[in-house]
Every structure is written in structure tokens, then in C-alpha cells.
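Counting starts at 1 for both ligands and their atoms, following the listed order.
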Amino acid sequence: MSEIEKEISDKDLKKILSLVKSYTGITMEERKRELLGTRIRPQMRRLKIFKYEEYIDCIQNNPLEKQKFINLATTNETHFFRTESIWKYFENEFLPNWWLSNKGQTLRIWSAASSTGAEAYSIMMLCEEFRTKEFAFKYHVYGSDICTDVLEIANQGIYGDKVLAELKLKRPMLHQKYFNVISSTQSQIKDEFRKQVEFAVHHLHIKSSRKEFYDLIFLRNVMIYFNEPDQEMVLRHMKENLKKDGILIMGESESLARLKTDFQYSLPLIYKKAAS
Ligand SMILES: C[S@@+](CC[C@H](N)C(=O)[O-])C[C@H]1O[C@@H](n2cnc3c(N)ncnc32)[C@H](O)[C@@H]1O
């Protein structure tokens, strides 16, 4: 039986890294050789391709394999209510303040790079909780990602115990209220709440063609994968998609301090769109 080449050669690695960059915008370093090999090899086995060079040809000539390669290149770690402080801000400051000055309007929030949807559904749960106090409150959550595998999970809203463990521990009432337990190890967001969140494929390096403007964008734990000029470009796109006075929330290891942007620091991880 033929075996897949053990190591990715320098030449093939260069080509693979350039495809990762051109398809996803992710800047990967050569030290990711092992990681890429581990992610790519199972797909090569399925395709009965044994040379990286042939696999490279295949993804360039087959749109389905190109998308699978994009899915393999992305890192999708996420969980519900990641980074407690921003959720406290969202629940206790952002929502009441927004409501005070926008009664009658629909709050629009974008979870850009939503992965499997844990962030978008965390937003949904707190918006629903807010609605129990303000019945007229309306909102819409949009989640997007470049990886179609995670969007499939997001659309189904089915999560395993490992992802739900922290939610069950820290906010057990929310798990009870918003999920159906569907097996001993899985829960699914209830239909009536799932439909409050819409998911779609979107590459952050491309300007969004959506017509809506957002009050708040969560752009968390994705900028770390981009180089500085690309980070600045993504932030220009975010600025264009935000309403006047819109808010941008970043991930824990992502600061805008060194970047040229039109955002002003407001609180840790929280930025406000500057007046133009
Ligand atoms: C580490 S996850 C972060 C998920 C979530 N925002 C959070 O903080 O928990 C990063 C996500 O960014 C997505 N991603 C990477 N490059 C992207 C791009 N160019 N456009 C859109 N999404 C991208 C990945 O597919 C992955 O799901």
C-alpha cells in the first residue's frame, strides 16, 4: 500500500503557506509544518493522494477541496461566555444604555469569526434575558466565519458536554432555559432561540456586502492570525459596518494600540468607533 510522504518539503510548505494566506488571509509561519501535515494528511488519505504536490494541485483545481483546505487551515477554538468581563459589560452596561437611547429600534450585533456559534448564542441568551425586563426590545444577531464546518455546527446549535461544561457550571439557568438536552452528552439550542441568530460564510478580508449597519461587533480571537497591514484593513471594514458610536469588542490578547485605526479605546478590550 502506498504511503503519504512523511514530511512536507520546503518547496511544498511554501506553496501551502501561500495558499493559506491567499484563501484565508491567515499568516502562518514555517514552524506550523507539523501542524499542517497533521491536519492535511487525513484528507489526503481520503482522496488517495500520497504526494503533497498532488494535493496542492487538487485544492487549486477543485472548489470543494479548496473549501475543505480552508476548513483545515483554521483554528476554531471557542466557548460560551468566553472572557467574563466583556459579558458583564455587555449585560450590565451596553444593553441598558443602548436601550435608553434607541427605544423602538432593533439592536444589530455581528459576531465576526463566530466559529461554532458559542459567542453568537451567548449574545442571544443575554438579549433574551434583557427582553424579559424590556418586552419591546428587539435584536438580531449575525454570525459569520470562513470555515463551513463550524457554520454547520452553528446552524444546528448542537454542542457537546466539553463545550457546555463551563456554561452549566457558571450559568446553569441559561443552559436549562435555552437548550434541549438531546442525549447524555449533547444539548441543542431550542428552535425558537436558534432562529434569532443567522449564520453565513464571510471572509473578513473582503468588504461585507450586507446593507445593515451594526451597533456592536464582536471581533474576537481572530486578528491574531493576520499580519498588521491585514489587521488594519479588517478594522477599516469593521468601521464601515458599524453605526455612528458603534462598539467593537476584541479578544484577550488583541490590542489595537499599535495599529493605525479609527477606533478609540474605551475599556479593556472595548473600542468605540471614532467620529469621522
Ligand atoms: C479562535 S476562533 C474564535 C471564535 C470566537 N470569536 C471566540 O472568540 O471564541 C477564530 C475563528 O476565526 C475564523 N477565521 C479565520 N480567518 C478568517 C477570515 N479571514 N474570515 C473569517 N473568519 C476567519 C476561524 O475559522 C475560526 O473559527
Worksheet entry | Under the ring pair (Phe, Tyr, Trp, His ring centres under 6.0 Å) test, residues paired with H140 that sit two or more places apart | none

Check ligand 1 for N or O atoms under 3.5 Å from a protein N or O and list each pair with its distance.
residue: ligand 1; atom: 6 (N); partner: A113; partner atom: O; Å: 2.8
residue: ligand 1; atom: 6 (N); partner: E119; partner atom: OE1; Å: 3.3
residue: ligand 1; atom: 6 (N); partner: R220; partner atom: O; Å: 2.9
residue: ligand 1; atom: 8 (O); partner: R82; partner atom: NH1; Å: 3.3
residue: ligand 1; atom: 8 (O); partner: R220; partner atom: O; Å: 3.3
residue: ligand 1; atom: 8 (O); partner: N221; partner atom: ND2; Å: 2.7
residue: ligand 1; atom: 9 (O); partner: T78; partner atom: OG1; Å: 2.6
residue: ligand 1; atom: 9 (O); partner: R82; partner atom: NH1; Å: 2.8
residue: ligand 1; atom: 19 (N); partner: T24; partner atom: O; Å: 2.7
residue: ligand 1; atom: 19 (N); partner: H203; partner atom: ND1; Å: 3.2
residue: ligand 1; atom: 20 (N); partner: L204; partner atom: N; Å: 3.0
residue: ligand 1; atom: 22 (N); partner: I146; partner atom: N; Å: 3.4
residue: ligand 1; atom: 25 (O); partner: N76; partner atom: ND2; Å: 3.2
residue: ligand 1; atom: 25 (O); partner: D145; partner atom: OD1; Å: 2.5
residue: ligand 1; atom: 27 (O); partner: N76; partner atom: ND2; Å: 3.0
residue: ligand 1; atom: 27 (O); partner: D145; partner atom: OD1; Å: 3.4
residue: ligand 1; atom: 27 (O); partner: D145; partner atom: OD2; Å: 2.7

Practice prompt. Go through the steps for K177 and T132 under the test side-chain contact (heavy atoms from CB on, under 4.5 Å), then give the verdict.
Written response: CA-CA 13 Å; K177 184 168 169 185; T132 62; 3.8 Å; yes

Discussion item. side-chain contact (heavy atoms from CB on, under 4.5 Å), that's the test. Do L107 and N102 meet it? Break it down for me.
Written reply: CA-CA 8 Å; L107 171 66; N102 294 281; over 6 Å; no

Worksheet item: Step by step, would you call R210 with E212 a salt bridge (charged side-chain N to carboxylate O under 4.0 Å, His left out)?
Response: CA-CA 6 Å; R210 292 172 75 92; E212 310 90 326; 3.4 Å; yes

Discussion item. Check for me whether the distance between the ring centres of Y121 and Y178 falls short of 6.0 Å.
Written reply: no

Worksheet item: In this structure, are over 12 heavy atoms from other groups packed under 6.0 Å from K103 atom NZ?
Response: yes

